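Only a predicted model underlies this, so the values are computations on that prediction, with no experimental measurement involved.
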Amino acid sequence: MPLTFHWFLPTNGDSRHVVGGGHGTPATAFGRDRPPTVGYLSQIARAAEDLGFVGALTPTGAWCEDAWLTTAMVSRHTERLKFLVAFRPGFVSPTLAAQMASTFQRQSGGRLLLNVVTGGESHEQRAYGDFLDKDARYRRTGEFLDAVRGLWRGETVDLRGEHLRVEDAKLTRLPDPVPEVYFGGSSPVAGEIAARHADVYLTWGEPPAAVAEKVARIKALAAEEGRRIRFGIRLHVITRDTAEQAWGEARRLLDGFDAQTVRAVQAGLARSESEGQRRMLALHGGSRDDLEIHPNLWAGIGLVRGGAGTALVGSHDEIVERIAEYHRVGIEEFVLSGYPHLEEAYWFGEGVLPRLRAQGVWSHPLHPAEGPRTGAGEPFAGAGASR
């Protein structure tokens, strides 16, 4: 299957520096450099659309603008781009969520993808009125998706679960197409829910060997459910014409991390209940030293940002090599971002995507019939790899 690339809408603000936040930590002051207005986010969305990204992830949480409302407005300024809307099942009833998704599909022309975010941090969840612990939130997510998928199939749903209850629920208008569900989580219970419901399992950017272990585990769980799911990875990216230019940009971003901010963010993230966040923190240990944890994989972003904390850094050809390496362990979709998001979309879209197209593993959604173009790197080592 050809590779799929998504970009990111920074609804917590954007900057030429890293905008921190997430997992219970607030957005840093750099988020005010470029406020997340509909106008600016639409610029990013149109750039991603033109360059050939399939969709754009929009985050959820107290640190950013609401994903549903923002993407609904930005969608009016785009034509093809899909919106990978992150949302938390505990904050809305399954019937209303199914209805919202159905409406979004009709009004946008079928451009909704759903990123189900079960966790959040308990103190942030409580601020929204949710007092379940982490494992209970995952069990509730399973009940939620059972109900939503039944509604999307046109069924009348009666659910009397451990955490959710609905009676005689039915949609008068079904979504067409049914939105694909993207789902992440590193804990055992997360794997169980993903195996039952995910169309695409997302992991954060750990080294390929760790990603391979996770892919194998989730794939086996899905097989037990009689399902096959795809796998994606969430990464930042700094790609330039030369490796020296790319690493120079990484050093510039690192120089913008003042010690007090790093300590405050790391202290906040250390309280996280998320297994995925714990794994991200372990990659750098709060230190500025030894941040290249695998060739071209840099853990510096995670010093000031919760969630996805690693970046691919290197020349365009080196980034292609790393994409091939992840592809060999089963990754088919890449959800990428970079600071600032408008400029970095062009660096990747004009530097890396043409090389992938030349090697026959990617095509522009608007021009799928275009053949490979010459002069863009070595053969793609991931082509034909096991999924």
Student check: side-chain heavy atoms of R279 and W204 closer than 4.5 Å: no

Sequence neighbours excluded, the answer for side-chain hydrogen bond (donor to acceptor under 3.5 Å, both in side chains) partners of R32 is none

Stacked cation flag R355 on F5, 6.0 angstrom / 45 deg: no

M100 vs W68, test: side-chain contact (heavy atoms from CB on, under 4.5 Å). Steps then yes/no. CA-CA 9 Å; M100 290 165 63; W68 286 100; 3.7 Å; yes

What closest approach, in Å, do A345 and F53 show between heavy atoms, and which atom pair accounts for it? O-CE1, 4.1 Å

Please check if the side chain of Q277 supplies one atom and the backbone of G307 the other of a donor-acceptor pair under 3.5 Å. yes

CD1 of I301 to CE of M280: how many Å apart, nearest 0.5 Å? 11.5 Å

For the salt bridge (charged side-chain N to carboxylate O under 4.0 Å, His left out) test, which of E344, E350, E343 pairs with R240? E344

Please indicate whether Q260 has more than 12 foreign heavy atoms, meaning atoms of other residues, nucleotides or ligands, lying under 6.0 Å from its CD. no

For A198, does its backbone N or O pair with a side-chain atom of R227 as donor and acceptor, under 3.5 Å? yes

Out of V18, T261, V304, V19, which one pairs with F30 under the side-chain contact (heavy atoms from CB on, under 4.5 Å) rule? V19

Report the residues that fulfil side-chain hydrogen bond (donor to acceptor under 3.5 Å, both in side chains) with D241, sequence neighbours left out, ordered by chain and then residue number. H316

Taken to the nearest 0.5 Å, the spacing of L84 CG from W7 CH2 works out to 14.5 Å

The criterion is ring-ring contact (aromatic ring centres under 6.0 Å, His included); which residues satisfy it with Y201, sequence neighbours excluded? none

